[in-house]
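Each remark here refers to the structure printed beneath this line.
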Amino acid sequence: MADERVVSIKLEQIEQYYGELKDKQETLPRHEFLQSTTEQRAVERMFENAIQACSDLAQHVATRDFGHTGSSAKGAVRVLCREGIIDEQTMNTLVAAIGFRNVLAHEYGHVDAGEVYESLQTGLGVYTTYSQQIAQWVQSHP
């Protein structure tokens, strides 16, 4: 069974990283982002942290509650969808985000600053949706 303390900590982390990204979304103009390597690296790191917290939470719940034995974060997210904890759209978005995190963290190929900025402008909703769906599941499964 999922450890409520771990779930709570991960949800708090997701909320914190989402807030940091949201602040950048609202205050950082595209031209400034594209001209500043420092801003690009900061936003990339914020994305890495947010996605990693989502991955950690998925792996914790999938392992503890559903016997997931794989080490793949994408697999754990798919388990949460299969078990009805998160919806399919959230699953698909998170699976893509985990791939994005891998590119950022391991520098697979070239990181396109324009794509990172686009993700900042359009891709933050998944963190709120995911957190809400996990929280609802936790509340309904004491």
Side-chain angles (χ1 to χ4, degrees), residues 1-30 32-34 36-142:
M1 190 161 174
D3 182 326
E4 287 183 38
R5 188 180 62 78
V6 171
V7 172
S8 177
I9 289 168
K10 291 299 169 187
L11 288 172
E12 287 174 13
Q13 289 175 346
I14 294 166
E15 183 178 340
Q16 174 190 340
Y17 302 137
Y18 166 79
E20 292 170 0
L21 285 163
K22 188 72 175 165
D23 182 58
K24 289 293 185 184
Q25 178 193 56
E26 294 171 352
T27 62
L28 183 61
R30 180 181 176 86
E32 188 178 320
F33 177 80
L34 294 176
S36 173
T37 303
T38 301
E39 290 290 1
Q40 291 171 26
R41 298 299 174 259
V43 169
E44 289 171 7
R45 184 68 178 141
M46 290 173 195
F47 270 118
E48 285 181 50
N49 289 341
I51 297 164
Q52 188 61 52
C54 291
S55 298
D56 292 346
L57 181 54
Q59 289 187 305
H60 178 75
V61 172
T63 300
R64 291 288 193 93
D65 284 78
F66 304 106
H68 177 66
T69 58
S71 60
S72 161
K74 291 178 182 180
V77 168
R78 289 182 182 108
V79 167
L80 298 187
C81 182
R82 183 187 72 221
E83 297 297 332
I85 298 171
I86 63 173
D87 62 39
E88 191 170 344
Q89 181 178 354
T90 301
M91 176 197 70
N92 289 334
T93 304
L94 276 178
V95 166
I98 291 165
F100 178 60
R101 187 207 68 85
N102 290 342
V103 169
L104 294 174
H106 305 297
E107 297 182 5
Y108 299 142
H110 173 72
V111 176
D112 183 309
E115 289 179 21
V116 174
Y117 191 80
E118 183 65 25
S119 294
L120 178 64
Q121 295 306 310
T122 64
L124 301 186
V126 70
Y127 303 110
T128 302
T129 302
Y130 178 68
S131 295
Q132 289 171 344
Q133 290 174 0
I134 294 286
Q136 287 172 347
W137 175 79
V138 167
Q139 289 174 356
S140 66
H141 290 83

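Keep in mind that the numbers below use all heavy atoms, side chains included, and drop hydrogens, waters and symmetry copies.
In terms of heavy atoms, Ser72 sits closest to Gly75 at OG-N, 2.9 Å. Across Leu34 and Gly114, no two heavy atoms sit closer than the pair CD2-N, 3.9 Å. His68 and Val79 make their closest contact through ND1-CG2, 3.7 Å (heavy atoms, listed as atom of the first residue, atom of the second, distance). Taking every heavy atom of both residues into account, Gly123 and Val126 meet most closely at O-CG1, 3.8 Å. Among all heavy-atom pairs drawn from Ala2 and Asp65, the shortest one is N-OD1, 2.7 Å. Smallest separation of non-hydrogen atoms from Leu120 and Leu21: CD1-O, 3.3 Å.
Without hydrogens or angle criteria, Ser36 side chain to Glu32 main chain gives no donor-acceptor distance under 3.5 Å. Listed for the Gln133 side chain is a donor-acceptor partner under 3.5 Å among the backbone atoms of Asp87.
Applying the side chain to side chain donor-acceptor pair (under 3.5 Å) test to every pair with at least one member in residues 113-131, sequence neighbours left out, gives these pairs: Tyr117-Gln121.
Checked against side chain to side chain donor-acceptor pair (under 3.5 Å), Lys74 has no partners two or more places apart in sequence or in another chain.
Under the 4.5 Å side-chain criterion, counting only non-hydrogen atoms from C-beta, Lys24 is in contact with Glu39. No side-chain heavy atom of Trp137 sits less than 4.5 Å from a side-chain heavy atom of Val7. A heavy-atom distance below 4.5 Å is found between the side chains of Phe33 and Gln40. Side-chain atoms of Cys81 and Thr90, non-hydrogen and from C-beta on, never get closer than 4.5 Å to each other. Considering only heavy atoms from C-beta on, Val95 comes within 4.5 Å of Arg78 through its side chain. Contact annotation: the side chain of Val6 never approaches that of Asp56 to less than 4.5 Å [non-hydrogen atoms, C-beta and beyond]. Counting only heavy atoms from C-beta outward, the side chains of Leu104 and Ile51 never approach each other to under 4.5 Å.
Distance check: Gln59 CD to Gln52 CD gives 7.5 Å after rounding to the nearest 0.5 Å. Interatomic distance, CD of Glu44 versus CG of Asn49, reported as 12.0 Å (0.5 Å rounding). Distance check, rounded to the nearest 0.5 Å: CG of Asn102 to OG of Ser55 gives 8.0 Å. To the nearest 0.5 angstrom, Leu57 atom CG is 4.5 Å from Ile134 atom CD1. To the nearest 0.5 Å, atoms CD1 (Ile86) and CD (Gln132) are separated by 13.5 Å. Atoms SG and OH, from Cys54 and Tyr18 in turn, are 12.5 Å apart once rounded to the nearest 0.5 Å.
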Could you please spell out the steps behind the side-chain contact (heavy atoms from CB on, under 4.5 Å) verdict for Leu28 and Val43?
-> CA-CA 10 Å; Leu28 183 61; Val43 169; 4.2 Å; yes
Worked verdict on Phe47 versus Leu124 for side-chain contact (heavy atoms from CB on, under 4.5 Å) = CA-CA 9 Å; Phe47 270 118; Leu124 301 186; 3.9 Å; yes
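Heavy atoms of other residues, nucleotides or ligands lying less than 6.0 angstrom from CD of Gln25 number more than 12. Counting heavy atoms of neighbouring residues, nucleotides and ligands inside a 6.0 Å radius, atom CD of Gln89 does not exceed 12 of them.
Donor-acceptor pairing under 3.5 Å is lacking for the side chains of Gln16 and Glu12.
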